[in-house]
Structures are given as structure tokens and as C-alpha cells.
Amino acid sequence: KYNAKNDQHPDNFPSNWQCLYMVGDMLWDPTLDDQALLADAESKYYGAAYPAMLEYHAERRRLWAKPGPCMGYPRGDSRRPFLLSEAGAKEKLVALLDKAEALAANDAVRLGRVKLDRYWIEKYWIKPNARIREEEARAIKLYEAQDLKIAIDGVGDEDVWKDAPGQTDFRSTTHDADKPGAPIPAPLATEVKVLRDAKNFYFLCTAMDPAAEKQTFSEKHDGPVWEENHFEFMFMPPVIDCRYYQVAANAKGTVFDASWPGGKTEDDFGVEAKGRVLKDRWVVEMRVPTEKIHDFVPGERWRVLFGRCRFHKDELTPNHWNWVYSVGG
């Protein structure tokens with residue numbers, strides 16, 4: 001049953017043959033020269049293609065040995081997708097495989113072995129890296145700003161907000177039973193803008209709503225903000241313990257914050273929020289300190305869910321409440 005669900009299982013032994021071969025020999029004689037043993041095995045395995053494959057494996061092993069996230073529990077395979085993020089790395093490996101195939105063109109056995117290496121690198125390195133690059137194209141790239149001087153007042157009239165990056169592509173969840181995942185109706189257009197300095201995220205959240213004035217608010221910190229109109233953020237920084245952090249705020253400026261798993265509300269993150277309600281929209285402005293979450297490290301990628309919840313039953317949200325969301329990086 002395990003094997004049937006694990007599509008990489010049939011590749012585990014053949015793609016790691018060098019390791020298995022060397023272990024098999026060196027368990028009998030640990031004084032053997034490991035590099036000489038590897039060179040002897042690979043030269044016989046690849047035949048005429050060996051010069052190109054020698055370069056290929058040297059480059060592949062160099063990329064693998066670079067510092068990177070752990071590949072395994074609890075974060076899953078978070079290493080291989082990034083192995084080809086270095087500029088030109090994929091192109092160099094593919095060019096060496098092309099060269100190796102040309103060298104082995106008259107040897108069907110050795111040519112087949114090179115093609116296996118191409119299959120493995122495409123499946124386990126190139127395709128995962130392509131998916132990561134697609135995600136990067138959608139990511140919000142934040143640079144540390146100095147002296148932002150943002151007043152958290154729910155107005156958002158500072159010049160820095162004008163060109164701030166953000167998200168406008170919000171979608172309905174399955175709570176909108178008719179069209180889950182569909183773009184939200186134009187009258188509910190939603191925008192989140194985001195900035196940061198050395199120790200804080202800043203958010204300016206705008207929720208268009210023709211029924212904006214028909215809402216009530218809780219006022220107690222860590223109260224049931226999720227049962228009313230609110231903006232909500234789930235932060236998952238690149239930390240080994242696989243925790244994520246929830247921050248929600250309504251247009252009154254009431255905040256709920258917790259860490260997960262466990263929904264721990266004891267740690268107050270020091271979030272500052274203010275909001276205002278207009279005739280056709282409501283706005284929330286927030287400062288989220290990261291001191292108790294994770295320090296900013298240049299180049300690291302946070303996974304962030306931006307969400308807006310509307311508690312009002314009408315033709316726009318006929319199911320009484322609707323969660324709309326977008327994912328930022």
C-alpha cells in the first residue's frame with residue numbers, strides 16, 4: 001500500500017546506485033579510497049559518456065551541497081525545488097546531458113543510462129523548480145523601508161501607500177456555494193497593500209461593500225473578531241517548527257492574534273490596528289510587529305494568506321457569510 005502511493009519509490013534505488021555501490025564495497029573494506037572507487041564505477045557505467053557525466057555529477061553535487069532547507073520532517077521536501085534557483089544552473093546541467101548523449105550515441109546501453117539521469121533531474125529538480133519560479137512570479141517582494149512614519153489611523157493617506165505592493169486578486173471560498181474559487185463580485189472589490197521596516201509589517205486593507213454601514217464590532221482584544229466583518233492574515237515564516245501565526249482585525253481596530261497549532265492567544269504580538277467605515281467601504285490599517293514571530297532575513301520567503309470575511313446576507317453573499325482570500329509570498 002505504501003509503494004502504491006509513493007510515485008518516487010521505484011526511482012529510489014536506481015537513482016542512488018553510486019551510494020549503494022560504494023557502501024557495498026566499503027562495508028567490506030573501509031580503507032578504500034572513496035573518490036577512486038566512485039570514478040572507477042562511473043567510468044564503467046557511462047563508458048564513452050563519462051567525461052561529460054563526470055562534469056554533470058560534479059555540478060549536481062555542488063548544487064546539492066549548498067546550504068539550504070532540510071529535506072524531510074516536518075516540512076516535507078523543501079530542498080529540491082530550490083536546487084536550480086542559481087542562475088544558469090539548469091542550463092549547465094542540461095547542456096552536459098546533451099553532450100553525454102552525443103558521446104554515447106553509438107552505445108544503446110550507456111545512452112539509456114544517460115537518459116535515465118535526464119529523466120530523474122527533470123522529474124525531481126527541474127519540474128519542482130519551475131513550480132517555485134511560478135510562485136515567485138506571484139510573490140510580493142518587500143524591501144526594508146527606513147523611517148516610514150506611518151500613522152496607524154485607518155486613513156492611509158501617507159505618500160508611501162500610493163505605490164505600495166499588494167494584492168487585489170481575491171477569490172471566494174466554498175462558503176460561496178455557487179462558485180467556489182471564483183473572483184469576488186465587483187461591488188466587493190478588496191485590496192491589501194503591504195510595507196515593512198526592520199521589525200514590522202504594515203497593512204492597508206480596503207473592503208468595498210455597499211452594506212458597509214450595516215455592521216457591528218466586538219471591542220475586546222482576542223474576542224470573537226472572526227464572527228464579524230474583518231481582515232485576517234496567516235503568517236508562516238520559514239521556521240523549522242512549522243508554526244503559523246494568525247492576526248485578525250475589524251474596522252473598529254479590535255485585534256485577535258494567536259499562534260498555531262494550538263490557537264495560543266497568550267502571546268500578544270503587539271499588533272496596532274485602526275479602522276473606519278464609509279458609505280461604500282470599510283478600511284483597516286495595521287502594524288504587525290514580528291519580534292515574537294520571526295526576524296526578517298533578506299531573501300527569505302514568508303507564506304502569507306490574506307483574507308477578508310463578510311457577514312451580511314444579500315445577493316452578493318447569499319449564504320450569510322463569505323470568506324474571500326488571496327495568497328501572497
Side-chain angles (χ1 to χ4, degrees), residues 1-137 238 299 301:
K1 290 182 180 178
Y2 171 77
N3 293 350
K5 296 178 181 178
N6 187 345
D7 72 333
Q8 76 180 51
H9 187 81
D11 295 329
N12 283 346
F13 285 120
S15 66
N16 285 287
W17 71 266
Q18 292 101 321
C19 175
L20 299 171
Y21 177 85
M22 292 173 70
V23 168
D25 270 21
M26 298 184 76
L27 283 174
W28 290 102
D29 184 357
T31 66
L32 291 172
D33 182 327
D34 61 327
Q35 294 305 306
L37 185 64
L38 179 63
D40 180 60
E42 288 190 336
S43 63
K44 293 172 180 174
Y45 181 83
Y46 291 114
Y50 176 61
M53 293 307 293
L54 177 64
E55 286 188 65
Y56 170 83
H57 284 303
E59 177 66 4
R60 184 181 61 79
R61 290 167 184 142
R62 180 189 72 81
L63 292 168
W64 177 261
K66 289 178 65 177
C70 179
M71 179 181 166
Y73 180 85
R75 301 187 64 202
D77 187 357
S78 57
R79 186 173 191 173
R80 281 183 298 157
F82 296 93
L83 292 172
L84 294 178
S85 293
E86 180 182 307
K90 180 187 80 170
E91 291 75 14
K92 183 174 182 179
L93 291 177
V94 170
L96 288 168
L97 287 171
D98 291 342
K99 182 179 178 182
E101 287 190 5
L103 292 173
N106 297 322
D107 186 335
V109 172
R110 271 47 179 263
L111 180 61
R113 291 171 178 172
V114 173
K115 287 183 180 294
L116 268 179
D117 278 282
R118 185 187 294 274
Y119 166 75
W120 291 322
I121 206 74
E122 286 179 350
K123 181 176 180 179
Y124 295 110
W125 287 30
I126 293 176
K127 289 182 178 178
N129 183 251
R131 289 193 293 271
I132 289 296
R133 289 178 180 271
E134 288 177 8
E135 292 179 10
E136 290 289 350
R301 186 174 62 160

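What you see is a predicted model; the values in this text were computed from it and never measured.
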Just so I know, are the side chains of Y50 and K44 near enough to count as touching, which here means a heavy-atom distance under 4.5 Å? no

Taking C-beta and beyond as the side chain, do R60 and W120 meet within less than 4.5 Å on heavy atoms? no

Is D29 atom CG crowded by more than 12 heavy atoms from other residues, nucleotides or ligands, each under 6.0 Å away? yes

Kindly compute the distance separating CG (L116) from CG (L111), expressed to the nearest 0.5 Å. 10.5 Å

Working to the nearest 0.5 angstrom, can you tell me the gap between Q18 CD and D34 CG? 13.0 Å

Any Lys/Arg nitrogen of E59 or R62 sitting under 4.0 Å from an Asp/Glu carboxylate oxygen of the other? yes

Just how far is it from atom CD of E101 to atom CG of D117, taken to the nearest 0.5 Å? 10.0 Å

Mind running side chain to side chain contact (heavy atoms under 4.5 Å, CB included) on R118 and D98 for me, showing each step along the way? CA-CA 9 Å; R118 185 187 294 274; D98 291 342; 2.7 Å; yes

Is the closest basic N to carboxylate O distance between K123 and D11 below 4.0 Å? yes

Do H57 and Y46 come close enough that some side-chain heavy atom pair is under 4.5 Å? yes

So does W64 get a backbone contact from the side chain of R79, meaning a donor-acceptor N/O pair under 3.5 Å? yes

Side chain proximity check, Y56 to I121, heavy atoms < 4.5 angstrom: yes

Taking all non-hydrogen atoms of both residues, which atom of S85 and which atom of P81 are closest, and how far apart? OG-O, 4.4 Å

Quick one, K90 and W125 - any side-chain contact, counting heavy atoms below 4.5 Å? no

Within this structure, what is the CD1-CG distance for the pair I126 and L83, rounded to the nearest 0.5 Å? 11.5 Å

Under 3.5 Å, side chain of N129 to main-chain N/O of F82, donor-acceptor pair present? no

Main chain of N12, side chain of N16: is a donor-acceptor contact present, judged purely on distance under 3.5 Å? yes

Quick one: are Y21 and L37 in side-chain contact, heavy atoms under 4.5 Å? yes

Short side-chain to backbone donor-acceptor contact, R113 and Y45, under 3.5 Å: yes

Indicate the atoms forming the closest heavy-atom contact of A49 with A104, along with that distance. CB-CB, 3.9 Å

What heavy-atom pair brings L96 and A52 nearest, and what distance separates the two atoms? O-CB, 3.7 Å

Output, in order, the C-alpha distance, side-chain angles, deciding distance and verdict of side chain to side chain contact (heavy atoms under 4.5 Å, CB included) for K92 and L63. CA-CA 12 Å; K92 183 174 182 179; L63 292 168; over 6 Å; no

Within-4.5 Å side-chain heavy-atom neighbours: M53 and L97: yes

Taking the side chain as everything from C-beta on, heavy atoms only, tell me whether L84 gets closer than 4.5 Å to L93. yes

